[in-house]
There are 2 protein chains.
Amino acid sequence: MSKKEELNFEDKIKFVQDTQYVIGGKWKLPIIISVYHGNKRFNEILSSIPRITNRVLSKELRHLEENELISRKVYDDYPTRIEYTLTDYCHSVAEVLTSMEKWGKQHRERIKKNMPASMHRTGI
Amino acid sequence: MSKKEELNFEDKIKFVQDTQYVIGGKWKLPIIISVYHGNKRFNEILSSIPRITNRVLSKELRHLEENELISRKVYDDYPTRIEYTLTDYCHSVAEVLTSMEKWGKQHRERIKKNMPASMHRTGI
DNA sequence: CGGTATCCTTGACGATACTG
DNA sequence: CAGTATCGTCAAGGATACCG
């Protein structure tokens, strides 16, 4: 067996869909980015991400915790402090994340060049 | 200005969400993978992707066409033949795609090692 | 401060039938 | 063959209020 064997078709689809299950959806990557950039407290993360609500943030944090990408620590100070941090394992998504950032950046630039202002998608 | 400047926080979120708008969702990447692997005809693509329906495939193909990742060509043979192919621009998503395939693969292996069979997600 | 509880809307997706 | 049309379901996400 060679090292750089290409994945077969069905596996590619399966693996991509796995990845999307764990870090897909509207908010999971933004949350990871926020925590990566130093936000640790619930309300810090909440206010750092435009338009996210506390309900969704709460649910998504739990999902990320269950998938071992984020860890939740409770400090018994008074008042109780709760901090979210990225796990070591979370750093394995860096490549996915940066490739998406890069692609989104160049795509936005490409659109700006090729389209009249009237065609720009609103609210983004 | 240095070349390898890191993107700021807000831009990262914006760019990632742009990327998700274009190639996010359950089926867009599987469709790209299918076409990449040589499937060109509507029904070919349809039957190559487990559980996708024709309605969804039709809609997603149109989305991908509008975003210039896939091109639809009509050949005036009889009977009329229609073929979908990846655009040159679509090859720019290769990095995103392969990083997601890689991550999904290692994640699945990680889960298999660390979890009892009963915890495996069903239907995947 | 760090969330839950309720209620609601929307859009993604699915099943099935049908058409040029 | 390459789709559309119609109808239905479900889950993601949003608005607002409230709680320990």
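Below, read A as the first sequence line, B as the second, and so on, with proteins coming before strands; counting in each chain starts at 1.
For the pair B/Asn67 (side chain) and B/Leu69 (backbone), a donor-acceptor distance under 3.5 Å is absent. Using a distance-only test at 3.5 Å, with no hydrogens or angles considered, no donor-acceptor pair links the side chain of A/Ser48 to the main chain of A/Ser34.
Along DNA chain C, the nucleotide nearest A/Arg55 and the nucleotide nearest A/Glu83 are compared for position; the residue whose nucleotide lies closer to the 5' end is A/Glu83.
When DNA chain D is scanned in the 5' to 3' direction for atoms under 4.0 Å from non-hydrogen atoms of chain A, the outermost contacting nucleotides are D/dG13 to D/dA17. Think of the region where chain B sits on DNA chain C: with heavy atoms and a 4.0 Å cut, that region ends 5' and 3' at C/dC13 to C/dA17.
Using a 4.0 Å cut-off between charged nitrogen and carboxylate oxygen, A/Glu6 and A/Lys12 count as a salt-bridge pair. Contact check on B/Glu109 versus B/Lys105 returns a salt bridge, with a Lys/Arg side-chain nitrogen under 4.0 Å from an Asp/Glu carboxylate oxygen.
You'll find the side chain of B/Leu29 reaches within 4.5 Å of the side chain of A/Gln20, heavy atoms only. Residues B/Arg72 and B/Ile70 have side chains not in contact (no heavy-atom distance under 4.5 Å, counting atoms from C-beta outward). Residues A/Val16 and A/Ile13 have side chains not in contact (no heavy-atom distance under 4.5 Å, counting atoms from C-beta outward). For the pair A/Ile32 and A/Cys90, the minimum side-chain heavy-atom distance is below 4.5 Å.
Residues that satisfy the ring pair (Phe, Tyr, Trp, His ring centres under 6.0 Å) test with A/Phe42, not counting sequence neighbours, are absent from this structure. With sequence neighbours excluded, the residues forming a ring pair (Phe, Tyr, Trp, His ring centres under 6.0 Å) with A/His37 are B/Phe9, listed by chain and number. B/Arg55 is linked by a side-chain hydrogen bond (donor to acceptor under 3.5 Å, both in side chains) to nothing, counting only residues two or more places apart in sequence or in another chain. Not counting sequence neighbours, the partners of B/Ser71 by the side chain to side chain contact (heavy atoms under 4.5 Å, CB included) test are B/Lys73, B/Thr85, B/Thr87. Remark: B/His107 pairs with A/Tyr89, B/Trp103 by the ring pair (Phe, Tyr, Trp, His ring centres under 6.0 Å) rule, at least two apart or across chains. With sequence neighbours excluded, the residues that form a side-chain hydrogen bond (donor to acceptor under 3.5 Å, both in side chains) with A/Ser58 are A/Arg62.
Note on the helix from C/dC1-D/dG20 to C/dG20-D/dC1: terminal axis deviation equals 50°, with five pairs used at each end and the result rounded to 10°.
Here B/Leu7 is tied into one hydrophobic group with B/Phe15, each link being a pair of ILVMFWY side chains closer than 4.5 Å.
Within residues 23-37 of chain A, no residue is approached by DNA chain C to less than 4.0 Å at the level of any non-hydrogen atom. Contacts with DNA chain D (heavy atom under 4.0 Å) in residues 39-47 of chain B: B/Arg41, B/Phe42, B/Asn43, listed by number.
Residue contacts for B/Glu60: at a heavy-atom cut-off of 4.0 Å it reaches the sugar-phosphate backbone alone, with no base atom in range. In this structure, A/Tyr84 reaches the sugar-phosphate backbone alone: every heavy-atom distance under 4.0 Å involves primed, P, OP1 or OP2 atoms, never a base.
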